[in-house]
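What you are looking at is a predicted structure, and each value in this text was computed from that prediction instead of being measured. Proteins get letters first, then strands, A, B, ... in listed order; numbering begins at 1 in each.
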Amino acid sequence: MTARVAISGASRRRSPVTAAPATRQETSTTAAPKLRYIVVTLAGIFAILGGQLLLSISVSSGAYEIASLKGEMRQSEQSLQIVAEEIGALTAPDTLASLAGSMGMVEDNNPAYLRVSDGAVLGEAAPAAEAGQGQIYTVTAGTEAFVPVQIVTDVFASLSAQAAYELSAEDALRAAHVPVVESGEAAIHTAMVTQPVPVATFGGSIPSPITR
Amino acid sequence: MALALVLVFVTASLLMTKLVDVQVVRASELQGESEAIRTTSETIWASRGSIVDSFGNDLALDVDRYDVSADPSVSGDFRRAGETLSLEVALSEIADITGANADEMLFAIRKDPEARFTYLVKGVSPEVHLALRELGIPWLQMDLVRERTYPFGPVAGNITGMLGTDQPLAGVELDWDECLAADNGVATYQRGADGVRLPGTTETVVDPVHGGDVVLTLDSDLQWYVLQQLAEHGSRLGAEHGSAMVVRVSDGHILAAADWPTFDPNDFAQTPTSNTGARVFSSPYEPGSIMKAIGVAMLIDGGYTYAEEKIVAPGIFRLYADRYIKNYSVAQDTQLTTAGVLYTSSNTGLSVLSSRMPRATATSYFQKFGFGSATGVDFLGESNGLLKTGDGLDIVSRYNQFFGQGISVTAAQMAGSYQTLANGGLRVPLRLVEGCVSNAGVLVENPVQEPIRVVSQSASDQVIRSLETIVAQGPLRNVLGIPGYRVAAKTGTAEIANSQGYGAERVISLAGMAPAENPEYVVLVSFYKPQTSRVSTAAAPAFHDLMSHVLKHYRVAPSSEPAVLPPVTW
């Protein structure tokens, strides 16, 4: 600014006649920009400050969100692990074997196969022996007997509860003098139709086995 | 007026001095102090890799657990939902959830009321952790820890080994530690007065490195079944211990390798150390007559005999003046074929045949079958067994070796030699570990070892046909036979050496393969020091149950070709 004024001063000294209008013109063009500059600069500064404020507010509120989401994620991971551990316990071979045994399943080591192409029976099928099946042996020495985890005990409990329910349904049916047609199976069938057996939930983790 | 000016000036300069002192002179010191107050560091837990079976079932894995502790200095009454609850009530609630003893916890807290920390229960599950958190007890603290669990308990404990407090102690856990090991990370961050992380302050100082997963060839369902059979038959026999293996013939994969009694790697503190290892790999024994099948295969391959060759098995085979070999029951000379030597398990007949083979040739065959050196598995602490060679091979052992005395082998070596027979004489080194799946999900395969040609296809076929006679026609046919399948198997009753020579105790074994026309699986089962019966026939029911289960489990089609078996006598 000062440099420009000095130059215009110098030009005024050199040609005083033409200097006056030139100076007027110059001041009118420089005064307006000064105000504009100030306004623009201040507005810019405030905009930047405001923006920064907003940004830091949003960042810090984001931090709270992140913290709560992280907590949520942690919790989900944990539920996943809880369920995975339950699945692990339920799929353990001895759990499956004793569950199968408690449903009255026995192992048959003499299977036969039906060949689809020609209907031939391969192998010699033999009925499974019932005695001595389904027993689970303790395979460790020097440690206490295996204690199944809670979920396994729960499943066993609901299984036996269901079995007990079915038995009592059968008894109730007999007591009510519903004609028992030859086989007990038909009677149970009737009972199932007229009064559906509530499905045990097993904590929603495994499908309810229908043993009849 | 002047006084006021002076006052203002003095106050201002005092403030200025303080300002400069705080902002400039001690700035960095104060800033550091405040940062230290705000900054906390945390462990970023890294998971040790899992050990999985060939179906991806976890045999060993890391899980989250919590250590529950209390601050005794503030443990006492607290308010919840408008009620004041006492320490005793809180502890009984904790006891109900965790199953811990309330009195013990009370003692831990009362012991030192000034203390700021005492453990109440260690290692509770996430479920329990959530339940405890809902109690809203202000002085209760729960810290995350990682714990190793073995979901199937004792099923594969002998193979996986276990983890001690800090380091792996045995088995695959120790042998493959380089793959499994994880390094916890450390992070620092600053937090505000309310405990929330200040944005942009989290700094990972050390990155956590998760471990890789080790993939085994085991089939845990089968392994469980095998273990159950060992327990059932082993306790029936009153045996000291028993081992069994199932090997897939085509690739030498070990599908089951069980030892009974075994241990639960989740809880092994009370288990005698004799039960915490893998006897299949680590404890060598004299196998007895199951070795005869190997001996005959060597003799046929070397051109010293063939399955139908007619020989006379003497009642007594004299080695020198007062040393002779006799048979288990037959005292007179018998007209046998070479197949018949296996069928009747004739010691003297085999000695007639083995006398034809130079001892160095025999030794090199035994070595090719894998005796005297670790199997392809190279399990941690695996025994090489003992194969006498060269000058160490005395005249008695030179003959005895052929029927499994004077040579000691591991169950794994024995199963490997039967894999060789079953695979047409081509030994595929046994395999237990498929490889390591790195934390990036890439399988780094455990190098597959080159198969070794040990005997010819014809030699192994002749031996298998001979072994089939035992199952098809022998006295054990009703026990060993599996309807619909052709099975080849050999019994073995070995004497156990003690300080006075061979005593009354025995190892009884059965080794075999099925289906005999094209063997797919090898099963080996042995019981050490059975009491109720000391002859190999006592192990037959266990072999039958295992083999028939294996055939069913893997859906092996029943045999369609009838067996053409060599004659056993003439």
Visitor: Check each atom of B/Val556 against the heavy atoms of chain A and say whether the ones under 4.5 Å are side chain, backbone, both or neither.
Guide: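 Only the backbone of B/Val556 comes within 4.5 Å of chain A.
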
Visitor: side-chain hydrogen bond (donor to acceptor under 3.5 Å, both in side chains) with A/Tyr113: which residues, sequence neighbours excluded?
Guide: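 Testing A/Tyr113 for side-chain hydrogen bond (donor to acceptor under 3.5 Å, both in side chains), a comparison that skips the adjacent residues, returns none.
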
Visitor: Which atoms of A/Gln75 are under 4.5 Å from chain B, going by heavy atoms: the side chain, the backbone, both sets, or neither?
Guide: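 The answer is the side chain of A/Gln75.
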
Visitor: Report the option among B/Asp64, B/Leu61, B/Leu227 that has the most heavy-atom pairs separated by less than 4.5 Å from atoms of chain A.
Guide: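 Highest number of heavy-atom pairs under 4.5 Å: B/Asp64.
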
Visitor: Where does B/Leu230 contact chain A at under 4.5 Å (heavy atoms): side chain, backbone, both or neither?
Guide: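 Answer is neither: B/Leu230 stays 4.5 Å or more from chain A.
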
Visitor: Specify the closest pair of heavy atoms between A/Ala92 and B/Pro151, including all atoms of both residues, with the distance to one decimal.
Guide: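 Looks like CB-O, 4.2 Å.
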
Visitor: Tell me whether A/Gln81 contacts the main-chain N or O of B/Pro126 through its side chain, where contact means a donor paired with an acceptor under 3.5 Å.
Guide: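 No; zero donor-acceptor contacts below 3.5 Å.
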
Visitor: Please state whether the side chain, the backbone, both or neither of A/Thr91 comes within less than 4.5 Å of a heavy atom of chain B.
Guide: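 Its backbone and side chain both get close to chain B.
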
Visitor: Atom CD of residue position A/Glu77 - does it have more than 12 heavy atoms of other residues, nucleotides or ligands inside 6.0 Å?
Guide: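 Yes, because the 6.0 Å sphere around CD of A/Glu77 holds more than 12 heavy atoms from other groups.
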
Visitor: In terms of heavy-atom proximity below 4.5 Å to chain A, should B/Leu144 be classed as side chain, backbone, both, or neither?
Guide: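 Only the side chain of B/Leu144 comes within 4.5 Å of chain A.
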
Visitor: Identify which of B/His544, B/Glu127, B/Arg555, B/Gln228 forms the greatest number of heavy-atom pairs closer than 4.5 Å to chain A.
Guide: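 Highest number of pairs under 4.5 Å: B/Gln228.
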
Visitor: May I ask you to name which of A/Ile66, A/Ile82, A/Leu96 has the most heavy-atom pairs under 4.5 Å with chain B?
Guide: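 Answer, by heavy-atom pair count under 4.5 Å with chain B: A/Ile82.
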
Visitor: Of all of B/Ala231, B/Ser548, B/Gly484, which one pairs up most often with chain A through heavy atoms under 4.5 Å apart?
Guide: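 With the most close heavy-atom pairs to chain A, the winner is B/Ser548.
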
Visitor: Looking only at non-hydrogen atoms, find the nearest pair between A/Pro93 and B/Ser220 and report the distance.
Guide: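 So the minimum-distance heavy-atom pair works out to CG-O, 3.9 Å.
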
Visitor: Taking side chain as C-beta onward, heavy atoms only, is B/His129 less than 4.5 Å from A/Gln78?
Guide: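 When only atoms from C-beta onward are counted, A/Gln78 and B/His129 do touch, with a gap below 4.5 Å.
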
Visitor: Side chain to side chain contact (heavy atoms under 4.5 Å, CB included), that's the test. Do A/Asp94 and B/Phe152 meet it? Break it down for me.
Guide: CA-CA 8 Å; A/Asp94 42 2; B/Phe152 295 171; over 6 Å; no

Visitor: Considering only heavy atoms and a distance below 4.5 Å, find which of B/Val63, B/Asn266, B/Thr149 pairs most often with chain A.
Guide: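 Looking at each option in turn, the highest pair count goes to B/Val63.
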
